[in-house]
Amino acid sequence: FFKKDKIKVLEKFNHSCFNCGSTEKLTIDHHLPFSMGGRLTESNSVVLCLSCNSSKNAKHPNIFYSKKQLNKLKKIFLYIIIMMIILCFV
């Protein structure tokens with residue numbers, strides 16, 4: 001995970017915590033926790049403030065996020081994956 005990847009992820013989440021909207025003490029977190037096989041990649045990263053990241057800890061996304069939030073994340077991740085595929089053919 002490189003600095004350019006971090007910048008892309010921050011931009012996708014509008015430089016704010018996906019869970020609470022804070023713009024302070026932002027972190028890049030594994031959407032699917034590392035302990036469950038998730039790797040820190042652009043398509044498995046979510047922006048959380050330090051407080052929300054601590055609350056999420058190693059919880060599965062289905063436990064931590066609401067259904068509405070999960071649907072929004074699916075759209076964000078789908079967009080990232082589509083863009084990665086397009087860039088492979090450019």
For Asn53, which residues count as a side chain to side chain donor-acceptor pair (under 3.5 Å) partner, sequence neighbours excluded? Thr27
Applying side chain to side chain contact (heavy atoms under 4.5 Å, CB included) to Leu87 and not counting sequence neighbours gives none
What salt bridge (charged side-chain N to carboxylate O under 4.0 Å, His left out) pairs are there with at least one residue in residues 19-29, not counting sequence neighbours? Asp29-Lys56
What about Ile81 and Ile28, same hydrophobic cluster or not, with Ile/Leu/Val/Met/Phe/Trp/Tyr joined at side-chain heavy-atom distances under 4.5 Å? no
Distance from Ser35 atom OG to Lys59 atom NZ, nearest 0.5 Å? 11.5 Å
Going by atom type alone, with no hydrogens or angles, which donor-acceptor pairs under 3.5 Å involve a side-chain atom of residues 1-21 and a protein atom two or more places apart or on another chain?
residue	atom	partner	partner atom	Å
Asp5	OD2	Phe2	N	2.9
Ser16	OG	Phe13	O	3.1
Asn19	OD1	Gln69	NE2	3.0

State the OG-CD1 distance between Ser45 and Ile80, to the nearest 0.5 angstrom. 7.5 Å
What pairs of residues pass the ring pair (Phe, Tyr, Trp, His ring centres under 6.0 Å) test when at least one of them lies in residues 68-90, not counting sequence neighbours? His31-Phe77
Got a sec, which residues hit side chain to side chain contact (heavy atoms under 4.5 Å, CB included) with Leu32, two or more places apart in sequence or on another chain? Met36, Asn44, His60, Pro61
Would you check if Asn71 and Tyr65 make a side-chain contact, meaning some heavy-atom pair closer than 4.5 Å? no
